[in-house]
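Presented below is the structure to which this report refers.
Remember, it's a predicted structure, so these values are computed and weren't measured experimentally.
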Amino acid sequence: MDENVGRGRHGKPSNANASARRELAANRPAKRGRSKQQGPIPARGTHDAEAGGSRTRTRSRLGQAQNAAEDDDFDADQFLNQDAEYGEPEEPQPDEPQIEEPQQPPRRRPQQRPRQPRRDAANEGYGGGPSDMSLLTQYGNHRAVPIWDAEPDDHEVLKRTLRCQASGKKVMDIVKPPRSKRWFWDPIEASGLEPLTRVNFSVLDYGVIWAFVERWHPETSTFHLPLGELGITLDDVQCLLHLPIQGKFLNHTKMSRGEGADMVSSYLGVVREDIDKAFAETNGVHLKHTTLQTLYTTNQTSAERAIAENKPAHVVRLYRERSVRAFMLHLVCCTIFSNKSSYYADVVYLQYFQDLSCVHEWNWGAAALVHLQHYLDHGSAFSTTQMAGYMSFLQGWIIAHFPRLSVWVEAPRYTANMPLNSKVVPGQGHKDAAGYRSSLDNIQTYDCVFSPYDAHRQVRPLINACWFSGWLRCGKLKAKHLPERVLRQFQHVQGIPRNPSMSATPGMNLCEIDRVFTEELELRMIDEEMRGRPVTSPWDTEPGYMSWFYRVSHPVMRPVEAPESPPRPPNLEVLIEAAEARNDPNLMQVCRSVKVEVERAVRDGEAVEGTPIHGTLQRILNLLNPILAYRRIKRGKGTRYHTRG
């Protein structure tokens, strides 16, 4: 039968003789191996959702077929039959006997890890809490669930770590002009961003960072610890980073490549061809960190050359402003806007540096907090493998509130008027979070410094914005700021807080969030009545708070393991013989003898009732009776004691 059965003129497919074509296809030899046209799956690109960049999507074969169907020269019949085309079919020889090939054993599919059945929280609950699901409504997807359920030898869960992306060291390494170059430092200091050049760490303790990410809960925007809730507040931002926490929220939206190219060309002086190439390399409206560093240095060189050539002052000022803008964009994108890519900056933030005299009007402190909480929300889910945000800020917060937990030393050049994040230099610590997880499970009240900024109030006083309760936002991202949940950080006794939805109304749009913060700040503050009374001890809570907290949360990440029996000494028999030779007294027999003697003295009237000696004998009996009663109860349960008598 001819291979062209069912084809019409010019080789186009026809519906005629379709049954014959199906029969021909059925007689083809069985297909082995993978199709030649099947290639590797493209990798999924990184993307900063907040900045509105482009996303590289993984396409399946079905998606490739749909795209190919839009081409004019596409032959659908050829595509549907591509698996059947292996060249000329071999015709069987009638004179030669057919030799049957031995059957190949079936391939064994790799065993997949069985999925754990979805837990019925309403009936089964969760080990270690919460038993009341009214607060942590999304706890079923939290990282703490598999960590609690894991066996002690399940290293895939217990040793699992997040890949943290941190770019703060790039700010430390970039060469900056001396402080005498006021053309550079005056706009940097006026913007409020100058502290970001001082507060970064070259080394981070990733183990302790992972241990805290495991305890973060998006429903409350706080860390849940055995001590209660602790959170990162605007007060932490202003004391640790010295960033402004007042002003307008950053309000950028998604930017097209054309808009981004116009902005880079106008404010950084890059030609359009180079901009298009840079956007293509980063697959979005982004510039590499190395590109920004080059623009920063080349514009400085151009300004110095213009001065040497006696060019007009506005030309020199143009080059210097471009250099400052490139530095500022590099500065914020390596710190407060650090993303998962770790090598590019989002051009969308360049719009805030168009007019260098207006940079201070924006709320950079709220932007840092919102951006960090955005990544903490994602990092708390068990399916997440990466963590980004301002890692130096998070490390500094941990050291400030838990100074005994990780390794650090005090910076030698720190002065009292500098940000507190520049006071410490952290060590590398342990990359494994298991040790820090156990330390946090067994933390004591004296291990936590609830309010570490008392000595810094003359530099950064506690302003009204620190008491704001509601939504913060940066671009299209928003985060809860709920100081009523962490009152001990403000030296007030912690009580049972109100539901987060009462402070941060669900579904509030971005314009309303801006209006509330700028126009209703005093109305949304935690007033004196809600703050309650000041603490006597830093860890003070209202009666009933801890029992409520242990019902609605999971303060401990791992179940307590029963200690093993102590090892048997090799010279146990020798020790027993030595004790018998010394004729050591039996303590329980001594207690019985004392009780009998005291009861006899009271009974015989040796101590007159109402006298001090009579009261002393009664107290001795009250001390002995519980000991002897406990002894009888333990014997009744079958416990054996190696005592004589």
Worked verdict on D236 versus Q489 for side chain to side chain contact (heavy atoms under 4.5 Å, CB included) | CA-CA 10 Å; D236 293 303; Q489 294 179 220; 3.7 Å; yes
I would like to know whether Q428 and L204 meet side chain to side chain contact (heavy atoms under 4.5 Å, CB included); could you show each step before the answer?
-> CA-CA 6 Å; Q428 188 171 2; L204 295 173; over 6 Å; no
Run the salt bridge (Lys or Arg N to Asp or Glu O under 4.0 Å) check on E229 and R485 step by step: do they pass?
-> CA-CA 7 Å; E229 294 182 57; R485 308 195 71 87; 2.9 Å; yes
Derivation and outcome, ring pair (Phe, Tyr, Trp, His ring centres under 6.0 Å), residues H142 and H224 | CA-CA 12 Å; H142 198 271; H224 287 216; 8.4 Å; no
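With a 4.5 Å cut-off on side-chain heavy atoms, D235 and W467 do not count as touching.
Although no hydrogens or angles enter the test, the distance criterion places a donor-acceptor pair under 3.5 Å between the side chain of T384 and the main chain of H378. Not a single donor-acceptor pair under 3.5 Å links the side chain of S221 to the backbone N or O of H217. Checking side-chain atoms of T297 against main-chain N and O of Q293 turns up a donor-acceptor pair under 3.5 Å.
Ring centers of Y436 and F212: at least 6.0 Å apart, outside the cut-off. Taking the six-membered ring where the residue is Trp, the centroids of W471 and F517 are separated by 6.0 Å or more. The distance between the ring centers of Y349 and H252 falls below 6.0 angstrom.
Under the 4.0 Å criterion applied to side-chain N and carboxylate O atoms, D441 and R215 are assigned as salt-bridge partners.
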Which atom pairs, one a donor and one an acceptor, fall under 3.5 Å between side chains of residues 523-530 and the rest of the protein, sequence neighbours left out?
unit_1: D527; atom_1: OD1; unit_2: E529; atom_2: N; d: 3.4
unit_1: D527; atom_1: OD1; unit_2: M530; atom_2: N; d: 2.8
unit_1: E528; atom_1: OE2; unit_2: R531; atom_2: NH1; d: 3.1

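Side-chain contact of R498 with S503: a donor-acceptor pair under 3.5 Å is present, judged by distance alone. Side chains of Y267 and Q354: a donor-acceptor N/O pair is present below 3.5 angstrom, by distance only.
Using a 30° and 60° split on the angle between ring planes, F353 and W364 fall in the parallel class, below 30°. W548 and Y545 have tilted rings, their planes meeting at an angle from 30° to 60° on a 0 to 90° scale. Ring-plane geometry between Y390 and F393 is classed as tilted, the angle between the planes lying from 30 to 60 degrees on a 0 to 90 degree scale.
Pairs passing the salt bridge (charged side-chain N to carboxylate O under 4.0 Å, His left out) check and including a residue from residues 535-547, sequence neighbours excluded, read R533-E542.
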